[in-house]
Amino acid sequence: MSTLRQFSEKERDYHAYQARQNYLRQQRTIQFERDELEQELNQERKAKEFERLTKEEALQAKNDALAENERLKALLAKHNLDA
């Protein structure tokens with residue numbers, strides 16, 4: 001009977017060990033997937049930030065060009081009035 005009890009205890013211990021191992025594998029998988037998603041999210045954020053900055057720079061360049069155009073028009077108008 002004690003031999004049967006030892007086998008039963010060993011089997012129970014083995015199942016507990018396997019359950020712990022399965023739990024740890026699941027947790028590693030979850031963490032790995034979470035890290036991958038976080039990395040993708042960061043890449044998307046960087047891409048959107050780059051796009052925003054690019055648009056902002058283009059808008060600033062356009063505004064600078066318009067301001068330069070207005071300055072040249074004013075200079076030309078002044079030059080025509082003086083002549």
Extract all donor-acceptor atom pairs below 3.5 Å that involve side chains of residues 57-74 and protein atoms in other chains or at least two apart in sequence.
from: Gln60; atom 1: NE2; to: Asp64; atom 2: OD1; distance (Å): 2.9
from: Asn63; atom 1: ND2; to: Leu59; atom 2: O; distance (Å): 3.4
from: Glu68; atom 1: OE1; to: Arg71; atom 2: NE; distance (Å): 3.1
from: Glu68; atom 1: OE2; to: Arg71; atom 2: NH2; distance (Å): 2.7

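- Salt bridge absent: Lys48 and Glu51 never bring a charged side-chain N and a carboxylate O closer than 4.0 Å.
- With sequence neighbours excluded, no residue satisfies salt bridge (Lys or Arg N to Asp or Glu O under 4.0 Å) with Glu44.
- Counting heavy atoms from C-beta on, the side chains of Asn42 and Gln39 never come closer than 4.5 Å.
- Within the 4.5 Å cutoff, no side-chain heavy atoms of Tyr23 are placed close to those of Arg20.
- The stretch residues 22-40 participates, sequence neighbours left out, in no salt bridge (Lys or Arg N to Asp or Glu O under 4.0 Å) pair at all.
- Residue Tyr14 is tested with Arg12, Gln18, Lys10 for a side-chain contact (heavy atoms from CB on, under 4.5 Å); the sole match is Gln18.
- No side-chain heavy atom of Gln26 sits less than 4.5 Å from a side-chain heavy atom of Thr29.
- The line from CG of Leu53 to NZ of Lys46 is 13.5 Å long, rounded to the nearest 0.5 Å.
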